[in-house]
Every structure is written in structure tokens, then in C-alpha cells.
Amino acid sequence: MKGTRVPMITRLTAMLFLLSGISSAGMVDYFTDNGYGNPVAVIQHPCAEYYNRVTYIAYQGPHEDPYVCAYDHAAKKWSGPVQAGENPMGKTPDPVDPKGPDNHGRPAMIVDGNGYIHLVFGGHGGYFRLGKNTLGAAGNGKQTHVVSKNPQDISAWEVLDNISPFGTYSQFVKMDDGDIYLFYRHGSHQSDWVYQKSTDNCRTFSPPVSVLKHKTQQSDPNIHDAWYAWFENGKGDTITASYVYHLCRTNGHTRERYNGYYMKMNCGDESWENAGGNKLVLPVTKEYADQNTLVCDTYTAKEKSNHGTCRVDDDGNPHLFFRRQGQVHYFRWLGNAWQKPVAVPGGDGDMIVESPKVVRMLLTGGGEVCWWRTTDGGLTWAKGSCLISSPDSTYTASTLVRNAHPDGRMVVNENNPAQNHLYRKLYLLGDSGPIGRPEEEASNLGDRLKDLESVQPASKPGKPVKKGRNKLGEEIDSDE
Ligand code: ZN
């Protein structure tokens with residue numbers, strides 16, 4: 001089953017099965033084919049959660065709208081996709097060129113303490129008409145919050161107008177006591193990273209609190225200090241932040257991102273400290289971060305760096321990775337210093353910390369998604385089993401499913417360079433490979449491909465993705 005496709009049975013055989021009442025129609029490895037653009041990513045997270053025997057999955061579908069599927073592990077049955085809201089940045093018809101979709105508005109998802117499912121999506125900093133953004137710069141879209149009308153039921157949704165519209169890269173962190181934090185960047189590149197806290201299952205939120213400060217550099221007014229950050233549960237009542245620096249040039253913009261940083265919040269009094277336990281003063285500026293929270297300096301060597309994920313061991317010590325030069329660079333805190341980085345082959349993914357010395361990473365790379373494991377605290381890594389592989393396609397990772405069932409660890413989307421449109425198959429990968437679905441249930445494109453026949457791609461299939469820019473000069477396809 002691993003990495004293989006179940007061959008489609010012929011139509012005639014399927015008809016015979018139907019006529020005889022046997023429900024073994026053709027099974028496929030994907031659960032839907034209507035992911036669109038870049039449907040999932042590591043930065044908007046989690047996008048899936050296992051809750052009370054069911055894995056709920058949110059992703060970007062047609063028109064960049066948020067869609068939800070669910071898999072009941074006990075009944076072995078899929079449901080959905082159901083459209084859960086409308087992304088104001090969606091275009092009609094769906095562009096077929098990779099630079100067409102904005103992609104920043106893909107959903108993050110959390111199940112609250114009462115079983116209601118929440119999605120936040122649709123934002124890339126917020127349209128100008130939404131008013132003044134006091135914590136950053138305007139952008140596109142509107143950060144939007146929807147909730148399922150009933151607990152553990154994906155069939156109907158409603159908007160809750162209770163968060164800032166100036167958000168992108170939305171991320172949920174749910175604590176053991178039920179408090180839920182929503183972290184995000186409060187605008188386009190030149191904006192603070194903030195959180196809003198809810199103590200009533202996302203029915204109300206506190207006003208935004210700045211964590212990472214954006215500002216113009218004193219020595220060069222064309223350069224703006226900006227950030228890409230990733231937030232997650234730490235040990236107990238703490239939240240970790242791992243982040244990279246974005247050197248944002250107002251004129252002559254580039255994707256320059258450097259270094260790696262780490263800190264954590266004590267949720268009890270919302271105070272922050274660095275890995276060594278020294279209290280920090282928030283929000284953090286570039287100079288302050290360099291002095292107090294630096295994990296690795298890549299700027300001196302002008303080597304680019306991008307965020308990864310961060311998980312903690314039973315001692316509360318962080319294990320994290322940053323992405324550099326097509327590999328992930330793993331670090332862990334030794335109690336008094338960061339262990340020297342070790343490069344592991346892989347594009348992106350997430351990790352499970354079993355103990356301070358035993359860590360597993362589930363990483364995309366080439367045309368496969370595979371486990372890597374260390375038993376010596378990250379000094380050496382061995383490749384393990386692959387949960388899916390393909391000779392033709394690559395895969396894009398999301399973070400690990402929250403509270404994952406072993407049969408459903410991670411959602412990935414497939415990228416097939418031979419296809420001339422941007423719809424993507426989505427897979428739920430577990431220890432036995434993808435959880436399959438009858439083909440007629442997984443086929444959700446309807447007439448969309450036919451509708452696109454008249455739309456010619458500007459980029460030929462297989463051609464490298466071109467960079468596009470919106471009116472503000474932001475790279476609209478650099479959603480990562
Ligand atoms: Zn920038």
C-alpha cells in the first residue's frame with residue numbers, strides 16, 4: 001500500500017459491483033481532488049485535528065475558499081468536502097497560472113472544548129477599506145473567523161465577527177485548560193506579529209498583543225525589520241515561538257530571510273523568556289532578538305533561512321528546525337546552549353519528540369514523504385519508511401495533525417508538474433500510508449476542468465513558477 005496507487009477497476013466491473021450491491025467501487029489514495037493553489041502549508045496551522053474518533057481537515061479549495069473534510073476512524077468513513085466560508089481574495093474563474101492565487105488566506109483550524117470547529121482564513125493583511133491598521137501595513141483580503149453551527153458537524157457554518165481583519169498566517173494554539181490563542185501577522189510584511197486570546201471557546205477574544213515588532217532600520221530607511229514566526233504548545237502552560245528575520249526592502253523588495261530565533265510565553269502571566277530562562281521585554285525588536293533569542297546566525301554568511309517547526313521534550317527543552325539550502329537544520333537546547341545544527345535531507349515537515357534523544361521528523365523531499373529518526377539527540381539521522389511516493393509528483397507538507405491518530409498523521413497535497421491547472425489532490429497520511437476513499441467520493445471537481453479549457457496558462461506546465469506581485473509590491477505567490 002505504501003506509496004502505491006490502487007489501480008482503478010474498469011467501469012464495467014464497477015457497474016457489475018453496483019448491480020450486485022457490492023460496494024467495492026474503485027478506491028483512490030487521495031480524499032479529495034479539489035485542493036487549489038497551495039491548499040495546505042506548515043505556517044497556517046494546525047489545519048487538521050483528531051477529536052473524538054474523527055480527523056477534521058481544513059484546506060484551500062476552489063476560489064481559494066476554505067473547505068473541510070472529516071474522516072471517522074471508527075466507521076472508516078469520509079465526509080465532505082463542505083465549503084465553510086468565502087475567501088474575499090478568490091478569483092473567478094480560478095487562475096491556471098501559479099502566480100494567480102494569493103494563497104495567504106488558506107485556513108487554520110481548531111476544535112474547541114465543546115467540539116465546535118473553528119477556521120480562520122481569507123486574510124493577507126487586510127484591504128485598505130477596512131480602516132487604519134495601527135500595528136502594520138495594509139494588504140489584501142480580510143482575516144475571517146467561522147465556526148461550525150453544531151459540535152463535531154461540518155455540514156453548516158457561520159461567521160463570528162470577533163477578530164482583527166488585518167491578519168495573515170493565522171495559527172491556533174489550544175491549551176490544556178481550554179484557552180485558545182490566535183497568533184498571526186497583523187498586516188502585510190511590515191507589520192507586528194500578535195496574538196489574541198480567548199477564554200470562552202473563541203466566542204470572544206482579547207485585543208491583539210504584539211510579540212514581534214516591525215520597524216524601519218535607523219541606518220537605512222529603505223530597510224524594514226520584519227518576521228516569519230511559528231507558534232505552538234510548549235510544556236505545560238507555555239507557548240513556544242520560533243522565527244526568522246525578514247530583511248524587507250521597501251524599494252527593490254526581495255525574499256531575504258535570515259537567522260533563527262526562539263522564545264516562549266508563560267501563559268499564566270503572559271510573560272516571555274528565552275531558552276536560558278531570562279525574562280524578555282516584549283514586543284521584541286531585531287536588535288533585542290539578536291541579543292536575547294538568537295539560535296543561529298545565517299546573515300553573516302548571507303545564507304538564507306526559513307522557519308520550520310518547534311516541539312518540546314518532557315523536560316520542556318525545545319527541538320526545532322529551520323530550512324536552509326533545501327534541507328532542514330535541526331537544533332535542540334542542551335540546558336545551557338544550542339546544540340550545533342545538523343542538516344537532514346528534506347524540504348519541509350514537522351517532528352515528534354519522543355524523548356530528549358529520540359526524535360522523528362516527517363519530511364517531504366523529492367517525490368516522497370518519509371520519516372527520519374535520531375536516537376542520539378539529533379547528531380545522526382536515519383531514514384525510515386515513506387508514507388507516500390511518486391515518480392511524477394512532489395508533495396507539500398502541513399504540520400502534524402493535532403492530537404493525531406496513528407492512521408492520520410499529516411495532510412499533504414500533491415504537485416504534479418505535468419498538469420495544466422492548479423487543482424491538487426489531498427492525502428491524509430498515516431503509519432500505513434494514505435487513507436483511501438472511493439473514487440466517486442474523492443472526485444469533487446465537477447465541471448471545473450472543462451470550464452478551464454478556454455483559460456490558457458501563461459506558464460507552460462512544468463515551467464518554474466514565476467514570481468508575481470500585487471499592487472503593494474508583495475510577492476503574491478510567496479505564501480511561504
Ligand atoms: Zn518584505
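Atoms within a ligand are numbered from 1 in the order they appear, just like the ligands themselves.
- For His246, the N, O or S atom with the smallest separation from the Zn ion (ligand 1) is NE2.
- Within the cation-pi definition used here (under 6.0 Å to the ring centroid, within 45° of the axis), Arg185 qualifies as a partner of Tyr228.
- The closest approach of His253 to the Zn ion (ligand 1), by N/O/S atoms, is made by NE2.
- Remark: Arg324 fails to qualify as a cation-pi partner of Tyr258 under the 6.0 Å distance and 45° angle criteria applied to the six-membered ring.
- Less than 6.0 angstrom separates the ring centroid of His253 from the ring centroid of His189.
- Lys340 meets the salt bridge (Lys or Arg N to Asp or Glu O under 4.0 Å) test with no other residue; sequence neighbours excluded.
- Counting backbone and side-chain atoms alike, His189 contributes an N/O/S atom closer than 2.8 Å to the Zn ion (ligand 1).
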